[in-house]
Amino acid sequence: MPERNLVSWCSLMAGYLHTGFSLQVLKLFKDMTLVDSLRPNEYIFAVVFSACSDGGKALEGRQCHGYVVKSGLVFHQYVKNALINMYSKFSDVKGAMRVFSLVPGYDVYSYNLVLNGLVQQGFSNEAIQVLERLMGESVEWDSVTYVTVFGLCACLKDLKLGLQVHCRILTSDMELDVFVNSAIINMYGKCGNVINARKTFDWLQVKNVVVWTGIMAAYFQNGCFEEALNLFSEMKIGDVSPNGFTFAVMLNSTAGLSALRHGNVLYGEIVKSGFKDHVIVGNALINMYAKCGDIEAASRVFLDMMYRDCITWNAMICGYSHHGLGKEAMALFHDLLAAGECPNYVTFVGVLSACSHLGLVKEGLYYLNQFMRQVGVEPGLEHYTCVVGLLSKAGLLDEAEKLLRSIPVELDVIAWRTLLSACHVHQNYGFGRRIAEFVLEMDPNDVGTYTLLSNIFAKAKRWDGVVKIRKLMRERNIKKEPGVSWIEIRNVTHVFVSDDCQHPESTQIYEKVKELLARIKPLGYIPDVTAVLHDVEEEQKEDYLSYHSEKLAIAYGLMHAPLEAPIRVFKNLRMCEDCHSAAKLISKLTNSMIIVRDANRFHSFQNGCCSCADYW
């Protein structure tokens, strides 16, 4: 072109921007001013600011900001909006707010940009202030405004505000598109009102994969895992194809149910659908396999992943820790550092848990007190709870109590109950009674503390104390959670409680348990009658021990599981010492791998040994 003006330059720059060549836009901008000596106008700068935000060019963006302030172009509304968008994408919330507040002129796009930036960066209180300001002005909301505000309600878990915004949109003339409906469903799911989420979903005439995934996520977030999986089947009947996010929600729901066989079926569908290499799907697969007790499969998925993010590393480190494989978790943590990844809050939960399993007291304290602060991670409740567990397992009960009384974060009952449980394990009953009394002052309705205190009295043969605690529980209407174990055989879940006679095959199961216990006695099994917390004769105590729920589940697994298949048992409470000893010897006797997940961790029994190395 022999003659080029601002319009031709702007058109070419916009073309490069829209096709993803943001850095070329900045080169063209420099050529325009140097070669053709043209002064940029407001339209040019709107494109340039967008290019800076897309290309991550913060310095150039601030230089251009200085120019538009000096030239007065900043007062054009679309220049102001482009600036707010740029600073939001740079995660510079203060910069975005400064432009928003100091430059006059507000439209719905300004509010949308600044609200979205604040919500995405976690500045919920500031977002509420901006929302209040928006409500006070006669600015008409668009669909983006509603999506952003519903997202804010979800972040705050503010159901009351969410209901008010939902009422506002229903009384307006706004057409509810798929994005708005998905935002409404997400808001109700995050706020714990899955009924309203389902009503919104059922009201829709046209449902695409985004809406289906949103309602499944709502059920998953509220612990309704079976309902989420049932919806997946309905979606496929409706001829809607799942995407990567759908599969991630389904895998996490499967993990919540510990339904390994169902997870394997989903994995097959993922491979067929071509989502195997999606990072979000790979992360969910690692989580599913780890929580379902197949840590080897989780490791294979991790090693096969082409791309990894911090969540990938965290899922694998925490998976190893949950399985008691502290050495593998620590080795992977060092691999993470070598790969240049920056550990975050969740990473150190897995690392400190691994230190606890390995008894690495010095290393755990180093990570908590020094290394975490070096990488900019502020220790939180979960980290301190892990370190309390680390000190308690090592028998350093006084140090654990000192830590609990000195830490700067607000504690919950779980941290103190960790110490109380260690008092029971280390048979320091006087210390345990004092801690239990303190915990019950914090939460008089904590059933776990009553149970542990009763067990402490029983171990010390203080039966008067046991009677007193049980009477107190009756008076306060506090009921102990019964020990339950379950096992999945050929897509059917079989549930057992201690001394269970409800199962159709209970007679055969009892005979199998009796046979197993008789056969492992020559291998060194001695019933641990001290684990029986009832004031009865020794012979009766041995009978109590014989038919704990995990023993019944293991026996049933050995009766019906395919040969050489691992026996996977899940239990809602901590595994008792006697069942732990018996499971080790049964694995040796039957040449089987027996995996038991209790309330705290996985135990993998093979050849007479456990993955915990009896340090649990």
Side-chain angles (χ1 to χ4, degrees), residues 81 84-85 88-89 93 96 107-135 139-222 224 227-228 231-232 235 238 240 242-250 252-253 280:
N81 292 347
I84 294 171
N85 179 59
S88 296
K89 285 193 175 179
V93 175
D107 60 10
V108 68
Y109 304 108
S110 305
Y111 278 106
N112 289 349
L113 288 165
V114 77
L115 274 171
N116 189 53
L118 290 169
V119 171
Q120 286 191 350
Q121 297 300 317
F123 291 87
S124 301
N125 293 331
E126 291 82 354
I128 286 290
Q129 293 171 9
V130 173
L131 178 60
E132 289 172 352
R133 185 170 170 177
L134 171 61
M135 296 289 291
V139 176
E140 187 174 348
W141 294 23
D142 63 9
S143 61
V144 177
T145 316
Y146 280 107
V147 169
T148 305
V149 174
F150 281 125
L152 173 61
C153 299
C155 290
L156 293 170
K157 292 183 171 50
D158 190 336
L159 181 60
K160 184 179 178 182
L161 177 61
L163 287 166
Q164 291 171 345
V165 178
H166 195 183
C167 288
R168 178 189 173 106
I169 196 171
L170 290 175
T171 55
S172 71
D173 296 328
M174 176 71 61
E175 184 178 343
L176 302 184
D177 61 21
V178 64
F179 301 105
V180 175
N181 284 314
S182 296
I184 294 170
I185 291 169
N186 176 62
M187 180 273 294
Y188 280 125
K190 293 274 178 68
C191 292
N193 192 331
V194 75
I195 294 174
N196 275 7
R198 185 59 188 261
K199 285 179 181 176
T200 304
F201 174 79
D202 290 338
W203 177 77
L204 299 175
Q205 298 298 314
V206 179
K207 300 165 184 170
N208 66 1
V209 65
V210 178
V211 176
W212 277 101
T213 303
I215 188 62
M216 291 175 204
Y219 275 113
F220 163 71
Q221 289 155 1
N222 289 277
C224 305
E227 289 82 350
L231 278 168
F232 183 67
M235 184 188 77
V240 177
N243 61 20
F245 295 99
T246 317
F247 279 121
V249 173
M250 290 300 94
N252 288 325
S253 298
I280 188 172

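The minimum heavy-atom distance between V119 and A127, with the atom names listed, is CG2-CB, 4.3 Å. Smallest separation of non-hydrogen atoms from G162 and F150: O-CE2, 3.8 Å. Heavy-atom minimum distance, E140 versus V108: O-CG2, 3.4 Å. Residue S182 comes nearest to V211 through the heavy atom pair OG-CG2, 3.7 Å, listed as atom of the first residue, atom of the second, then distance.
Note: N186 CG to T200 OG1 = 11.5 Å, rounded to the nearest 0.5 Å. The NZ atom of K190 sits 5.0 Å away from the CD atom of Q221 when rounded to the nearest 0.5 Å. Here the straight-line distance linking atom CD1 of I215 with atom CG of L231 works out to 6.5 Å at 0.5 Å rounding. One finds the OG1 atom of T145 at 3.5 Å from the CG atom of N112 (value rounded to the nearest 0.5 Å). Note that CZ of F123 and CG of L115 are 14.0 Å apart. Values are rounded to the nearest 0.5 Å. Within the model, atoms CD1 of I84 and OG of S110 stand 4.5 Å from one another, a figure rounded to the nearest 0.5 Å.
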Criterion side-chain contact (heavy atoms from CB on, under 4.5 Å) on M135 and R168, from CA distance to verdict: CA-CA 11 Å; M135 296 289 291; R168 178 189 173 106; 3.7 Å; yes
Checking ring pair (Phe, Tyr, Trp, His ring centres under 6.0 Å) for the pair W212/F201: CA distance, chi angles, key distance, verdict? CA-CA 8 Å; W212 277 101; F201 174 79; 4.9 Å; yes
Begin with the C-alpha distance, continue with both residues' side-chain angles, and end with the deciding distance and a verdict on side-chain contact (heavy atoms from CB on, under 4.5 Å) for N196 and L163. CA-CA 10 Å; N196 275 7; L163 287 166; 3.8 Å; yes
Go through the steps for L156 and I128 under the test side-chain contact (heavy atoms from CB on, under 4.5 Å), then give the verdict. CA-CA 10 Å; L156 293 170; I128 286 290; 3.6 Å; yes
Take F220 and M250 through the test side-chain contact (heavy atoms from CB on, under 4.5 Å) and record every step on the way to the result. CA-CA 8 Å; F220 163 71; M250 290 300 94; over 6 Å; no
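Aromatic ring centres of Y111 and W141: separated by at least 6.0 Å.
Looking at V240 and N208, their side chains never come closer than 4.5 Å, going by heavy atoms from C-beta outward. Contact check for M187 versus K157: no side-chain heavy atoms found under the 4.5 Å cut-off. In this structure, the side chains of I184 and H166 come closer than 4.5 Å at one or more pairs of heavy atoms. By the 4.5 Å heavy-atom criterion applied to side chains, N81 and D107 are counted as neighbours.
No more than 12 heavy-atom neighbours from other residues, nucleotides or ligands sit within 6.0 angstrom of OH on Y109. Residue F245 places its CZ atom among 12 or fewer non-hydrogen atoms of other residues, nucleotides or ligands, all under 6.0 Å distant.
A distance-only check finds a donor-acceptor pair linking the side chain of N252 to the backbone of A248 [under 3.5 Å]. N222 places a side-chain N or O within 3.5 Å of a backbone atom of G189 that can act as its donor or acceptor partner.
Judged by distance alone, the side chains of R198 and Y188 never bring a donor and an acceptor atom under 3.5 Å apart. S88 and N85 share no donor-acceptor pair across their side chains, judged by distance under 3.5 Å alone.
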Under 3.5 Å, sequence neighbours excluded: what are the donor-acceptor pairs made by side chains of residues 172-181?
residue : atom : partner : partner atom : Å
S172    : OG   : I169    : O            : 2.8
S172    : OG   : M174    : N            : 3.3
D177    : OD1  : F179    : N            : 3.1
D177    : OD1  : V180    : N            : 2.8
N181    : ND2  : L176    : O            : 3.3
N181    : ND2  : D177    : O            : 3.2

